[in-house]
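Data first, discussion second: the structure below is written as structure tokens.
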2 protein chains.
Amino acid sequence: MDSIDLRLIELLRENARSSYAELARQVGLSAPAVHERVGKLEAAGTIRGYRAEVDYEALGLGVTALIGIIEDSGADTDDVLTALRAMPEVESCYFMAGVESYQLTVRVGTIAELEQLIVRVNRTPGVASTRTAIALSTKWENRPQPHLG
Amino acid sequence: MDSIDLRLIELLRENARSSYAELARQVGLSAPAVHERVGKLEAAGTIRGYRAEVDYEALGLGVTALIGIIEDSGADTDDVLTALRAMPEVESCYFMAGVESYQLTVRVGTIAELEQLIVRVNRTPGVASTRTAIALSTKWENRPQPHLG
DNA sequence: GGCGGAGGTCGATGGAGTCCATGGTGAAGA
DNA sequence: TCTTCACCATGGACTCCATCGACCTCCGCC
């Protein structure tokens, strides 16, 4: 993990479909060298995958909301997590410090679907209550952080 | 935008580095046809880009937090946004319904850096107060939602 | 029925991905 | 200081992919 690896990660966070030849040009190495470095970063788990970023509105998922969950005192955390994981609308899930044990990012098509999702989450065994905030607009998302390390 | 386009998007959300030939095999078209479809999806803005997903801990960004911002009554929203945008630690920024105008996702290396970031955000003109919640662990993040549309 | 456009396949070619042998560099130990 | 070892970049070779042009097919429309 040297500065070239960091630069490769930075480049791949900007454009994950860059060819190895292009990456090689940018970092001043040969394509095979870059290929091997990237392979090692993937094997080590430093690079976890490559994702296309989409326009959610165009895909009919124009409603983004954040849901905080307060657990029952006797809740089985694994059961709650399993139930949440089974809901495809739940895009991200963090285990938090504080009163709300989980913070979810969810995407649905309509407010009606959001309502149904909230009901489902509230009915999940182990969930005591939820607090939902709706995103009116997304200013930016998953912006790659430059100058790593 | 038909079912093949949706399938292509789904495949690219799972692995953005799939070759056109591989995508073509999966959807049962020729590689040039897939190339053209993907190009159109990019041009239309439906596909906004391709991002490598990384292990933040391995990159020294092991601390994730969510910050809610309450604006001053007389705040210039654009100024606040510009200031937030200039902070590389702010990975995502949503404009919210509710008391807290903005919800940020931030990544830093240490709690000390988080403290400094919170101070900086609080000092930003237009920001009245903030509320920070720390993610103890990330259960999952940016999970691609299957069966779109 | 003929026409035109959108969107597909096929074939060719230049370039990229990837494997392999080679050689250079730096660290550890005699 | 010299040897050895491990690691990694290089350059060549071969395969596969990206991409362009030509043509084909289906459909809606005059």
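By convention in this document, chain letters (A, B, ...) are assigned in the order of the sequence lines, proteins followed by strands, and residues within each chain are numbered from 1. None of these values were measured; they are calculated from a predicted model.
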Of the options [options], whose atoms approach the side-chain atoms of [X] most closely?
{"X": "A:A33", "options": "D:dA9, D:dC17, D:dT19", "result": "D:dA9"}
{"X": "A:Y20", "options": "C:dG17, C:dC10, D:dG12", "result": "C:dG17"}
{"X": "B:L29", "options": "D:dC8, C:dT9, D:dA9", "result": "C:dT9"}

Could you check how far [atom1] of [X] sits from [atom2] of [N], rounded to whole Å?
{"X": "A:E36", "N": "C:dC19", "atom1": "CD", "atom2": "P", "answer": "10 Å"}
{"X": "A:L23", "N": "C:dA16", "atom1": "CG", "atom2": "P", "answer": "12 Å"}
{"X": "A:H35", "N": "D:dC16", "atom1": "NE2", "atom2": "P", "answer": "15 Å"}
{"X": "B:D2", "N": "C:dA6", "atom1": "CG", "atom2": "P", "answer": "16 Å"}

Query - Option from A:R85, A:E89, A:R51 for which side chain to side chain contact (heavy atoms under 4.5 Å, CB included) with B:R143 holds - result: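 In the set A:R85, A:E89, A:R51, the residue that makes a side chain to side chain contact (heavy atoms under 4.5 Å, CB included) with B:R143 is A:R85.
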Query - Short N-O contact, B:E10 and B:R13, less than 4.0 angstrom - result: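 Answer for the salt bridge query: no.
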Need one value for [X]: base, sugar-phosphate or nothing, where a base atom within 4.0 Å counts as base even if backbone is also close, heavy atoms only.
{"X": "A:R25", "value": "sugar-phosphate"}
{"X": "B:S19", "value": "sugar-phosphate"}
{"X": "A:R37", "value": "sugar-phosphate"}

Query raised in the report: Can you check whether A:G74's main-chain N or O pairs, donor with acceptor, with A:D72's side chain at less than 3.5 Å?
Result: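 Not a single qualifying donor-acceptor pair exists.
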Requested in this report: Could you tell me whether the side chain of B:T110 and the main chain of B:E113 form a donor-acceptor pair under 3.5 Å?
Outcome: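 Checked: pair present.
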Query raised in the report: Which residue, A:K40 or A:R17, contacts DNA chain D at a nucleotide closer to its 5' end, judged by nearest heavy atom?
Result: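 The 5'-side residue here is A:K40.
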Report task. Answer yes or no: does a side-chain N or O of B:S30 lie under 4.0 Å from OP1 or OP2 of C:dG8? Result ->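 For C:dG8, OP1/OP2 do not have a side-chain N/O of B:S30 under 4.0 Å.
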